[in-house]
Structures are given as C-alpha cells and as structure tokens.
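Chain letters run A, B, ... following the sequence lines, proteins first, then strands; residues in each count from 1. The figures that follow rest on heavy atoms only: side chains count, while hydrogens, waters and symmetry mates do not.
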Amino acid sequence: MEAHKNILTEPIIDMQNVSIRYGKDPEVLSDIKLSLEKGSFHFLTGKSGAGKTSLLSMMYLALKPSRGTLNVFGANVGYARREDMAMMRRKIGVVFQDFRLLEHLSAYDNVAVPLRVRGMGENEIRKRVKELLSWVELDKSMDKICSTLSGGEKQRVAIARAVINRPEILLADEPTGNVDDDIAFKLMKLFVELNKLGTTVVIATHSTDLIARYNYPQIHLENKGLKIIPALRRVKNAE
Amino acid sequence: MLNKLNIRRRTELPLKEDKANFFLEISTAISVFLFSMALVAYFMTSAVISSWRESIIDGLTVQILPPSEQILPDEETLRIGKVIHFFEGLSGVEKVAVVKEKQIKKLMTPWLGANADLEALPLPKLLNVRLSDGKTFDFEKAGDDLKEIAPYASIDNHGIWLKKLIKSATSLKSLSLFVLILVLSVAVFSILYAVGTSLKVHQNIIEILHIMGATDNYVAKQYALRGFFVGFFSSLAGTLMAFLALRIVSHLSSGLETGLIGAVSLGFEHWTVLALIPLFSAVLSMVTSFFCVKHTLKEMM
Ligand SMILES: Nc1ncnc2c1ncn2[C@@H]1O[C@H](COP(=O)(O)OP(=O)(O)OP(=O)(O)O)[C@@H](O)[C@H]1O
Ligand SMILES: [Mg+2]
C-alpha cells in the first residue's frame, strides 16, 4: 500500500472496467468505471435489482470483480494478501441492507465487534459503545439479544456497528428504510458529520425524499452501466 | 449490573451450541480411553520385555543327568569336567560354577517335600554359567554342540523360550503402538470433521466478522479455545474411565499368580504420562482446530 503517499490526489476507491457476475449468470454490471475521491459523499441509486448491493459488496471487499481492476486505499484488491484485506476492511464501515447482525448477541456485543476484532481493550470498548448506543437512542435495549429487537432497532444497531470505528469509508445499503422519519434524518446527520470529519460516504437508497433533501451527487445504475448525476446545490444546504 | 453482563459476553461464534459438539465430546472421550489402554499395553509389554531381557543376561543353567549305573568318582569328575571345559571354551562365557549339592537339595524340597530321602535319589548336577552378554549369546547353537560332546548334559532352555516370548511380546508391543497411532488419527480426523462442519454452519457469521475486519487468526483463536476446553474435559472423562478400567482389571487379576507378567506393574512415570493425556489431548485439539480453521478459511472465502 505504498500509494498512501498520494492520498490527496489518488481516489480512495477506483474501478477500471469492472464487471460483476454471479456464477454463470449474465453480468449484473459491465465495464464500470468509477473513482471516488477521499471525503466525497454519494448516493447510490437504481431500480431494484440494478446491482447497488453488488457494487457496494465489491467496495467492502466481500465480492471480487469478475473482470477489471479494483483499487481500494490505493491497493489493487486482486493482489492483496488476506491479512492486508483484513486491515483494509477495518477502515471500512458497512451497513447491510438486511443488517446481518449476529442475532444471538446483544446489541452491545454487536456494536463491539469491529473494536474487538482489532483487539481494543474492554474498558475503552465499553465507553465508546455505550456512548454511541445512547446516541442512536438504544441505551435501554443495549443488553437485548438482537433477534428480539424491532426492525428499526436492528437498523440502528447496524449503523452504530458501522460507524463505531470512525471508518475512512462508510458504505450503507438502504440505511434508513426501516426507521421513522425523525430517526432517519438523525442518522443522516450522523453520516454527514462523519463525512465532514473526512469519511468517504456512499449510501444506497430508493428514497427520493432523502436524495432531494441532501442533494449529494448520485451514482446511478442502469442497464448494467453507471452514470454520475451531479449535485445541483452545495452540500451545506442540507442543514 | 450492565458491566457484569458485558464482561460475561457470549462469543461471536456460538460454538457451544454446535450440533457436532456432542459427537466430538463422545468420540474424544472414547478415543482417549482407547489410547490410554493401548498405552498401558505398550508400557506393560515394554516392561515385561526388558525384565525378561535382564533375566537372560544373568546366564544359563546346565543340567548334568546322573549316570544310569554306578561309576567311579574319577569318571564322574571327568563327565562334569568335560561339560565345564566346553562352556569355558565358548566366547561370551564369564564363569562356570558347579552348584553345591546342598543348594540343589534346597531347590528340590518344594517338589519332593522336606522329609523325602534325598540321599536315595540320583540327583542331577547343575552348573551355573555366567554370560557377559545374554542378548547376543546363541543358546541354540551351544545346546546343539553340547549334545554332541556330552549327550547327558543339557542347557536349561530358559533362555531359548524367553527369547521366543520376547519375540511375541515385541509384536504385541508393535501392535499396541499401531493402535496408538490409529486412535490418534481417528481423533484428529474427528476434530477436522467437526471443525469443518462448524465452519460451514457458521459461514455467515464468519463472513460478517471478516467484513468487520477480523483476520483468520481471530476466528481460528475462537475455535482453538473451544477445542482446548472440549479436548481437555472430554479427555478427562476418557482418562477417568481408563483408570477405572485398570483398577477393575488389576482387582480381578490380583488373585491370580501370573508369574512373569504379574511381576511387572506401571511405574510412577507411566502413571504421570497417563494423567497428562488430557492436557496433551487439549493441546492437540487446540492446535488441530486452529490450523484446520486457517486452512479451511483460505479455501472457503
Ligand atoms: N449472491 C447472488 N447470487 C446470484 N445472483 C445474485 C446474487 N446477489 C445478487 N444477485 C443478482 O444480481 C442482481 C443485482 O442484485 P443486487 O442485490 O445487487 O441489486 P440491488 O440494486 O441491490 O437491488 P435492491 O434495490 O432490490 O436491493 C440481481 O439480479 C440479483 O438477482
Ligand atoms: Mg440491494
């Protein structure tokens, strides 16, 4: 990862002629070119089945492109060692569309996972997790087992888990689909704040409301391809 | 209260609830039981063999039958002298000594009774031959050669049949070694199978952990820890079963005079090794689990 020296000029995620296919199915996305600047904020849009989740999985290194080159943090993912991949993933926060919480664990333990995998001490973990969980208004449900939480509660746990590490890249797949409007905007505010602190954010969403209100540029998927729809207004109008 | 709950957190991989656990616990306990028994067999045969070897080293006894009719004392001395001379000429012989008549009588009393009139019996003469190395001494050839020179004398074939016994005991020892290796491989395969199954079951959780930045080592450590405890406690059960079985066997056989075999028993070092099996098993289970996870994850995702 020697490319770190060029961090200001080099895109944090870079795709060149990337294609995705599952097994022998036809390609879901073909010849994608995409460069995301460090500190940028994008919505990811497209019809259901257009490949939003697939594109995000590639960015969080769970899916390898079937063709083309993918660079994340300046390193070619195709050649990265397993250990290096783990280190890269620690700098990426992910909110899954279907949450993918560890259902047998408490909300607290779920949010603690990204900190525990990097070996942080339990005292520090406790401080951070409690603070964040009360921020997403889950302090009462902290010790509830995840399988007993409501959809909206799970979503907030998933988001808390994604941001607990103050990631350099935040990838969120429909992060506000299951929560009430006021919580949705509170969560969006969290993403905006993180972005201000330098986190690169990509949020997949169907919500035209959200897109209209924040008006960040969109990565729009259509017909296996991709186009960027630029922001109409400046980001600061969001507040 | 919250803190307490958080400290005693559940692990990310719910390995305790694995369906394969029961299979693994039972198979480990049985493997350890069989392993312990085979190890005892190995120790026993080794001990028996070396005690037999030692008794060969001692030497051999030569029996000179009394003449069928009265002969002169000079002739008698000649007969014995011929045999003594023969043995003294053999390489590997250190010393030849005539066993005193008094001692022969003493040896005979258990068979004939203290009141038997030994004077009236024609007693054989006995020679004690001390060997420098009983293991290399060729008993059979010495016996054959002796027969030609002095047909009335014979080697007490103690050494010959001991050598045959040692041979069969040695194959018993090899057999128990083979069983040891067999049981060990079955145990290792069971662990590999159980860990492999568990990894498939928890594939989803492992994938999530990976995306959260967990290394393969992080996952493997959870399996290794679990492997250590399952290995230790199941083996403890197996070892206790083995100790119990040994007690029963030794109790049942305590009434029997098993002669040569009864003379051997397990020493302190043997019991120590047996008692250490759970620890050995726990470490084996831990290491096997760890590397199985590392290897499988590399193949799997
Ligand atoms: N694991 C998979 N195996 C096979 N096909 C898959 C897999 N995941 C996704 N697909 C296919 O890839 C295409 C794109 O799916 P994807 O989930 O990326 O769409 P999406 O844009 O996220 O849709 P939605 O808005 O409904 O979440 C779909 O046709 C889907 O059937
Ligand atoms: Mg999707």
Side-chain angles (χ1 to χ4, degrees), chain A residues 56-57 59-64 81-96 98-120 122-123 125-127 129-130 133 139-140 142-147 158 161-162 164-165 167 171, chain B residues 1-22 194-226 229-230 289-301:
Chain A
L56 288 177
S57 329
M59 293 178 179
Y60 58 74
L61 311 177
L63 183 67
K64 286 208 167 156
R81 292 182 305 137
R82 287 179 74 79
E83 289 290 308
D84 295 337
M85 297 268 270
M87 296 310 130
M88 285 157 81
R89 286 177 179 129
R90 289 181 186 181
K91 297 189 278 183
I92 303 173
V94 186
V95 183
F96 301 98
D98 49 359
F99 316 137
R100 301 190 75 173
L101 298 174
L102 305 179
E103 296 284 333
H104 63 288
L105 294 183
S106 65
Y108 176 94
D109 283 331
N110 266 279
V111 177
V113 167
L115 303 179
R116 285 188 175 134
V117 299
R118 28 157 69 190
M120 188 182 279
E122 288 297 322
N123 284 335
I125 289 177
R126 192 171 309 127
K127 209 180 86 204
V129 173
K130 279 187 174 171
L133 277 176
D139 29 5
K140 300 240 157 44
M142 186 143 30
D143 287 299
K144 272 198 190 163
I145 299 303
C146 269
S147 52
R161 184 178 67 178
I164 189 80
N165 239 348
L171 305 169
Chain B
M1 192 198 84
L2 281 180
N3 287 1
K4 249 188 216 160
L5 280 173
N6 291 339
I7 287 163
R8 259 186 276 134
R9 71 184 172 109
R10 307 218 279 163
T11 52
E12 286 123 13
L13 288 156
L15 303 179
K16 265 187 194 154
E17 283 116 70
D18 273 1
K19 286 210 179 67
N21 276 349
F22 186 65
V195 169
T197 312
S198 170
L199 285 173
K200 278 209 194 78
V201 170
H202 301 305
Q203 189 162 4
N204 183 43
I205 295 177
I206 293 169
E207 201 181 299
I208 294 170
L209 290 177
H210 270 149
I211 293 170
M212 304 285 114
T215 55
D216 290 348
N217 276 355
Y218 183 84
V219 176
K221 268 183 207 155
Q222 300 201 6
Y223 274 91
L225 198 69
R226 178 87 196 129
F229 285 110
V230 169
S289 305
F290 186 84
F291 286 104
C292 177
V293 172
K294 290 267 289 182
H295 177 80
T296 315
L297 288 184
K298 228 181 217 168
E299 307 280 300
M300 204 161 83
M301 38 184 94

Atom OH in B:Y223, atom CD1 in B:I206: separation rounded to 0.5 Å?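 B:Y223 atom OH to B:I206 atom CD1 measures 4.5 Å (nearest 0.5 Å).
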How long is the straight-line distance from NE2 of B:H202 back to CD of B:E12, given to the nearest 0.5 Å?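 The CD atom of B:E12 sits 12.5 Å away from the NE2 atom of B:H202.
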B:T11 backbone acceptor or donor facing A:H104 side chain under 3.5 Å: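 Yes, A:H104 side chain to B:T11 backbone: donor-acceptor pair under 3.5 Å.
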Name the option with the most non-hydrogen atom pairs under 4.5 Å to chain B; the candidates are A:V113, A:N165, A:V94.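 Counting heavy-atom pairs under 4.5 Å, the top option is A:V113.
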Which residue out of A:K64, A:M85, A:R161, A:R118 racks up the most heavy-atom pairs below 4.5 Å with chain B?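 Most pairs with chain B among the choices: A:R161.
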Using non-hydrogen atoms and a 4.5 Å limit, figure out which bit of A:L61 sits close to chain B: side chain, backbone, both or neither.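 For A:L61, neither part sits under 4.5 Å from chain B.
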B:F290 versus B:V195: any side-chain heavy-atom pair under 4.5 Å?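 Result no, sub-4.5 Å side-chain heavy-atom pair not found.
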